[in-house]
> 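Just dropping this structure here.
Note on naming: letters A, B, ... go to the chains in the order of the sequence lines (proteins, then strands), and numbering restarts at 1 for each one.
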Amino acid sequence: MKEKKDRQANHSKNHSTKKTYITTAIPYVNAAPHIGFALEIIQADVLNRYYKSKDQDTYFVTGTDENSLKNVLKAEEEGISTKELVNKYSKNFLELKEILNIDYDDFIRTTEPRHIKNVEKFWKACEKDIYKKSYKGLYCVGCEEFKLEKDLEEGKCPEHLNKALEVVEEENYFFKLSKYQKQLKELIETETLKIVPKGRKNDVLGFIDQGLEDFSISRSVERAKGWGIPVPGDPSQIIYVWFDALVNYISALGYAEESALYKDFWADSDKILHCIGKGITRFHAIYWPAMLLSAGVRLPTHELVHGYITADGQKMSKSLGNVVEPKAVVEKYGTDAVRYFLLKAIPPTKDGDFNKGYFEEVYNADLANGLGNAVARVAKMAENSGFEFEVDTKGFEKVWEADWTQDLQSHMESFRLDLAIQEVWKMLSQLDKHINEHEPWAVKDEEKLREILDFEVNLIRRAAVVLKPFIPDTSRKIQAQFFKKDIKAQKPLFPRI
RNA sequence: CGCGGGGUGGAGGAGCGGUACCUCGUCAGGCUCAUAAUCUGAAGACCCCGGUUCGAAUCCGGGCCCCGCAACCA
């Protein structure tokens with residue numbers, strides 16, 4: 001808390017620095033963290049660390065979405081209160097910070113009073129576009145949700161064939177999404193709100209062209225089982241979980257009290273980046289911007305949409321029991337190995353596959369034989385030489401102004417984290433080639449050897465510095481080993497498996 | 001005619017109008033600083049049928065086959 005106040009004070013003083021705000025989606029807590037969410041939070045973390053390393057002022061927020069009906073059902077299953085359940089399960093997400101080494105600034109839970117206060121203010125700010133309407137539909141008691149005709153099998157819910165559907169009619173609040181159709185289309189077309197990749201942008205535009213309908217933003221207390229944030233002024237209605245959840249992005253900054261943090265990182269921010277998965281693009285590229293337009297709040301600037309990860313080529317699902325959990329994978333292979341795999345082997349905005357064989361292939365090829373081995377061989381030769389290697393810290397302070405980082409940076413600008421990493425491995429490949437061609441072990445001439453080793457040591461130092469956003473712990477280890485005069489061989493960074 | 005992504009050497013992926021690239025695997029050779037590592041070289045590929053073009057993996061039309069999504073699911 002104290003730290004946060006310091007940050008606030010710090011931020012408001014420093015107006016010339018570029019401000020960047022980064023968020024992840026906030027997952028439901030009723031299931032264990034998914035490897036797909038690990039991908040998302042790692043992508044966000046890398047971008048955050050990268051911007052920070054360029055001396056930008058950043059703020060990075062993640063959290064959990066806890067007002068879902070699913071939590072009520074799960075709690076009933078476990079025989080505990082919903083409150084107890086969300087407290088218990090949100091810990092699984094909180095601990096990702098350590099497991100994945102995520103450097104976020106705040107973690108927001110939608111059951112926190114500070115969030116609720118923000119949602120209430122935001123709802124009121126949208127009030128001119130909110131109206132009451134009666135909604136009639138087929139309700140499945142088993143799923144606890146309305147079904148559409150086209151989802152039915154012989155007039156019944158495919159998942160609960162033994163239960164008859166009820167015709168339920170109730171009054172809900174609706175949001176005038178239709179009103180913002182034209183404006184949204186223009187904002188997205190002109191990339192005032194930039195959706196990455198292009199394919200996702202086109203999807204959204206196509207959806208808008210089909211015509212936007214107003215959507216329900218509340219449900220009855222009965223249907224919500226009393227769980228969630230009540231509609232201001234109407235305790236018989238609970239705010240629809242998505243309307244509430246999206247507001248987290250500004251409630252974490254203090255929208256309600258118009259804090260300095262909110263001004264810096266939202267109202268006057270240079271860049272607002274939402275990292276999300278493809279399944280929730282519509283909420284972030286259509287509903288959320290429309291809600292912000294209605295409330296008179298500025299819009300985010302970027303939506304970075306990642307794809308989905310399959311397991312052994314199949315969609316991960318609970319029923320198949322093939323869901324990969326980040327915690328288990330990290331326990332087996334280590335944090336940086338998992339970060340590396342997700343960043344390099346999964347294209348940032350496309351679907352990718354996660355399987356043991358592929359993971360271990362990438363691990364051995366890139367981390368053990370590639371980076372780890374290169375570090376080991378240069379360290380050993382440096383040690384054998386008995387030379388002292390001057391540390392030129394100045395040369396590394398302005399690393400992002402150097403020619404050799406330009407390709408990497410342009411890939412970071414287009415969010416191609418995989419290609420950015422590849423640039424580092426190109427350097428390592430040059431290094432291996434350089435060693436084989438110059439055969440330092442056979443060089444008798446001290447001056448010549450000195451020249452060769454200086455070059456090689458420097459390449460390792462460069463790699464270590466630019467790898468920091470991607471695999472921070474490994475970068476730290478290499479820097480500890482190489483940013484000193486007497487470089488000594490050490491244990492392998494990534495033992496072969 | 002619901003929407004979208006995709007079919008590239010043995011495997012997994014890039015490329016998306018002009019000598020087809022990367023990783024793993026295979027074969028031959030080199031080196032020994034290194035984690036049986038690393039370097040050099042070799043064999044081997046653009047789903048099918050038409051079309052546009054001087055030229056197509058890349059664009060257009062048709063076909064076959066996979067895989068997602070179809071408003072609340074990372």
> List the atom pairs, donor and acceptor, that lie under 3.5 Å between side-chain atoms in residues 412-426 of chain A and the rest of the protein, sequence neighbours left out.
residue   : atom : partner   : partner atom : Å
Ser414(A) : OG   : Ser410(A) : O            : 3.3
Ser414(A) : OG   : His411(A) : O            : 3.3
Arg416(A) : NE   : Asp418(A) : OD1          : 3.1
Arg416(A) : NH2  : Asp418(A) : OD2          : 3.0
Glu423(A) : OE2  : Lys426(A) : NZ           : 3.2
Trp425(A) : NE1  : Asp366(A) : O            : 3.1

> Say you pick atom C1' in A20(B) and the same atom in A56(B); how far apart are they, in whole Å?
12 Å
> Between Trp227(A) (side chain only) and Glu66(A) (backbone N and O only), is there a donor and an acceptor less than 3.5 Å apart?
yes
> Sticking with atom P, work out how far U8(B) lies from C66(B), rounded to a whole angstrom.
14 Å
> Just the rounded figure in Å: distance from P of A71(B) to CG of Asp209(A).
19 Å
> Among residues 360-373 of chain A, which residues get a heavy atom nearer than 4.0 Å to RNA chain B?
Glu361(A), Ala365(A), Ala368(A), Asn369(A), Gly372(A), Asn373(A)
> Less than 4.0 angstrom from a charged side-chain N to a carboxylate O is my criterion; do Lys278(A) and Asp203(A) meet it?
no
> Can you see if the side chain of Lys426(A) gets near the phosphate of C22(B) - specifically, an N or O under 4.0 Å from OP1 or OP2?
no
> What's the closest nucleotide to the Phe283(A) side chain, out of A74(B), A71(B), C33(B)?
A71(B)
> When you check the side-chain N and O atoms of Thr349(A) and His306(A), is any donor under 3.5 Å from an acceptor?
no
> If we ignore angles and hydrogens, is there a donor and acceptor under 3.5 Å between the side chains of His34(A) and Tyr308(A)?
no
> Which nucleotide in the set U40(B), U38(B), A74(B) lies at the smallest distance from any side-chain heavy atom of Ile280(A)?
A74(B)
> For Gly211(A) and for Thr310(A), locate the closest nucleotide of RNA chain B by heavy-atom distance; then report the residue assigned to the nucleotide nearer the 5' terminus.
Gly211(A)
> Can you tell me the base-pairing partner of G61(B)? Count Watson-Crick or G-U wobble geometry only, both distances below 3.5 Å, and say none if there is no partner.
C49(B)
> Which of residues 30-40 of chain A sit near RNA chain B, with a heavy atom under 4.0 Å from it?
His34(A), Gly36(A), Phe37(A), Glu40(A)
> Roughly, in whole Å, what's the span from CG in Leu428(A) to C1' in C33(B)?
16 Å
> For the base of A74(B) and the side-chain ring of Tyr308(A), does the geometry meet a stacking cutoff of under 5.5 Å between centres and under 30° between planes?
yes
> Could you state the NE2-P distance from His274(A) to A74(B), rounded to the nearest angstrom?
16 Å
> Starting from P on U38(B), measure out to NE2 on His434(A) and report it in whole angstrom.
18 Å
> Taking only the C1' atom of each, what is the distance from A43(B) to A28(B) in whole angstrom?
11 Å
> Are the side chain of Asn67(A) and the backbone of Thr110(A) linked by a donor-acceptor contact shorter than 3.5 Å?
yes
> Working to the nearest 0.5 angstrom, can you tell me the gap between Ser218(A) OG and Glu171(A) CD?
9.5 Å
> Determine the interplanar angle of the Tyr249(A) and His284(A) rings, folded into 0 to 90°, and report it as parallel if under 30°, tilted if 30 to 60°, perpendicular if over 60°.
tilted
> Can you tell me the distance, in whole Å, between the CZ atom of Arg200(A) and the P atom of G5(B)?
9 Å
> For RNA chain B, which residues of residues 337-354 of chain A approach it to below 4.0 angstrom with any heavy atom?
Lys350(A)
> Quiz question: by atom type and distance under 3.5 Å, do the side chains of Asn71(A) and Thr82(A) form a donor-acceptor pair?
no
> CG of Leu371(A) to CG of Leu467(A): how many Å apart, nearest 0.5 Å?
6.0 Å
> Determine the Euclidean distance between corresponding C1' atoms of U58(B) and G7(B); express it in Å to zero decimal places.
14 Å
> Heavy atoms under 4.0 Å, any strand shown: does Tyr28(A) hit a base, just sugar-phosphate, or nothing?
sugar-phosphate
> Between Asn48(A) and Tyr104(A), do the side chains contain an N or O donor and an N or O acceptor separated by less than 3.5 Å?
no
> Using a strict heavy-atom distance below 4.0 Å, which residues from residues 485-497 of chain A are in contact with RNA chain B?
Pro492(A), Leu493(A), Phe494(A), Pro495(A), Arg496(A)
> Which one, U40(B), U38(B), C31(B), comes nearest to the side chain of Arg377(A)?
U38(B)
> Where the side chain of Met381(A) is defined as all heavy atoms beyond and including C-beta, which of C72(B), C33(B), G68(B) is the nearest nucleotide?
C33(B)
> Going by atom types alone, do Asn172(A) and Glu170(A) pair a side-chain donor with an acceptor below 3.5 Å?
yes
> Ignoring hydrogens and angles, tell me if any N or O in the side chain of His438(A) forms a donor-acceptor pair with the backbone of Leu449(A) under 3.5 Å.
no
> Please confirm whether the shortest side-chain N or O distance from Lys70(A) to OP1 or OP2 of C72(B) is below 4.0 Å.
no
> May I ask you to decide if Ser178(A)'s main-chain N or O and Glu213(A)'s side chain share a donor-acceptor pair within less than 3.5 Å?
no
> We want to know whether Thr62(A) and Thr24(A) form a side-chain donor-acceptor pair, criterion being a heavy-atom distance below 3.5 angstrom.
yes
> Counting only side-chain heavy atoms from C-beta out, which of C39(B), G68(B), A71(B) sits nearest to Asn436(A)?
C39(B)
> Does the structure show a Watson-Crick or G-U wobble partner for C16(B), both distances under 3.5 Å? Name it, or say none.
none
> Please report the interatomic distance NZ(Lys179(A)) to CG(Asp129(A)), rounded to the nearest 0.5 Å.
3.5 Å
> Determine the Euclidean distance between corresponding P atoms of C21(B) and G62(B); express it in Å to zero decimal places.
33 Å
> In a table with atom names and distances, give each donor-acceptor pair under 3.5 Å that connects a side chain of residues 377-385 of chain A to protein atoms at least two apart or in another chain.
residue   : atom : partner   : partner atom : Å
Arg377(A) : NH1  : Asp432(A) : OD1          : 2.5
Arg377(A) : NH2  : Asn436(A) : OD1          : 3.0
Glu383(A) : OE1  : Ala489(A) : N            : 2.6
Ser385(A) : OG   : Ala382(A) : O            : 2.6
Ser385(A) : OG   : Phe387(A) : N            : 3.1

> Please determine, for C72(B), whether a Watson-Crick or G-U wobble partner exists with both distances under 3.5 Å, and give it or none.
none
> Counting Watson-Crick and G-U wobble pairs only, both distances under 3.5 Å, name the nucleotide matched with U38(B), or none.
G30(B)
> May I ask which nucleotide in the shown strands pairs with G10(B), Watson-Crick or G-U wobble, both distances under 3.5 Å?
C24(B)
> Can you check the Ile286(A) CD1 to C72(B) P distance for me, whole Å?
14 Å
> Using atom P in both nucleotides, what's the gap between G41(B) and C24(B) to the nearest angstrom?
15 Å
> Which whole-number value in Å describes the distance from Asp203(A) CG to A71(B) P?
14 Å
> Stacking between C72(B) and Trp242(A), yes or no? Criterion: centroid separation under 5.5 angstrom, plane angle under 30 degrees.
no
> Roughly how far apart, to the nearest Å, are C69(B) and G50(B) at atom P?
36 Å
> Using the P atom in both, what is the distance from C33(B) to C27(B), to the nearest Å?
26 Å
> Go through C31(B), C72(B), A71(B) for me and flag the one nearest to the Phe207(A) side chain.
A71(B)
